Amino acid sequence: MHCPFCGHEETKVNDSRLAGEGRQIRRRRECLKCGERFTTFETAELIMPLVIKGDRGREAFDEGKLRAGMEKALEKRPVPREQIDEALSRIVHRVRSVGDREISSRAIGELVMEELRHLDEVAGTRHKRASAPTSSRDQLPLLPPDTAANDAGGGGKK
């Protein structure tokens, strides 16, 4: 690490601590030439793959879009925010751990479907209908099969 004061190449680390909720390392350094002290922060650089869209176009992975889509599917459903955040973290981790430079939007959609099914069956169905091609949406059931069977059974109180 070069000293920011004199540019000398050799510095000594006096102290290292975790920072930023354990996602960074804070290092207190001292220049071996001029004696000045300074602080550096180290963060792992994790590059997300590019997303290949249905039209073969490519765009940067956007966790905000992922969150917005999941929140739309979970709108007015009794799912705590903490569970949504945990599901998002699992999806992002799985996308990152693929190890490829690119991932299809379909593959991300399948990961989202899997997580939504665990959180709420209705939300999973909403997501499936919203992400289906327009021509095939009419062929998808409005309710999950087990819910549709319960509703079709008689229609009222006995």
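In this text, all values refer to a predicted model and were calculated from it rather than measured experimentally.
Residues Ile25 and Arg17 fail the side-chain proximity criterion, which asks for heavy atoms closer than 4.5 Å. A heavy-atom distance below 4.5 Å is found between the side chains of Arg26 and Arg28. Under the 4.5 Å side-chain criterion, counting only non-hydrogen atoms from C-beta, Glu75 is in contact with Lys72. Using a 4.5 Å heavy-atom cutoff, the side chains of Gln24 and Leu18 are not in contact. The shortest side-chain heavy-atom distance between Phe61 and Ile108 falls under the 4.5 Å cut-off.
In this structure, Glu114 pairs ionically with Arg94, as a charged nitrogen and a carboxylate oxygen lie closer than 4.0 Å. One finds a salt bridge joining Glu42 and Arg29 here, because a Lys/Arg side-chain nitrogen approaches an Asp/Glu carboxylate oxygen to under 4.0 Å. Comment: Arg67 engages Glu71 in a salt bridge, judged by a side-chain N to carboxylate O separation of less than 4.0 angstrom.
Under the side-chain contact (heavy atoms from CB on, under 4.5 Å) criterion, Glu10 pairs with His8, Leu32, not counting sequence neighbours. Under the side-chain contact (heavy atoms from CB on, under 4.5 Å) criterion, Asn14 pairs with Lys12, Glu30, Arg37, sequence neighbours left out.
Side-chain contact of Thr40 with Arg27: a donor-acceptor pair under 3.5 Å is absent, judged by distance alone.
A chain of hydrophobic side-chain contacts below 4.5 Å, direct or via other Ile, Leu, Val, Met, Phe, Trp or Tyr residues, connects Val98 to Leu111.
If you take CD on Glu110 and CD1 on Ile91, they are separated by 12.0 Å, rounding to the nearest 0.5 Å. Rounded to the nearest 0.5 angstrom, Leu88 CG and Glu115 CD are separated by 8.5 Å. Rounding to the nearest 0.5 Å places OG1 of Thr11 at 7.0 Å from CE of Met1. One finds the SG atom of Cys6 at 8.5 Å from the CD atom of Glu36 (value rounded to the nearest 0.5 Å). Rounding to the nearest 0.5 angstrom, the gap separating the CZ atom in Phe41 from the CZ atom in Arg23 is 16.0 Å.
When every heavy atom of Cys34 is checked against every heavy atom of Cys31, the shortest pair comes out as N-SG, 3.4 Å.
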Under 3.5 Å, sequence neighbours excluded: what are the donor-acceptor pairs made by side chains of residues 47-57?
residue, atom, partner, partner atom, Å
Asp55, OD1, Gly57, N, 2.9

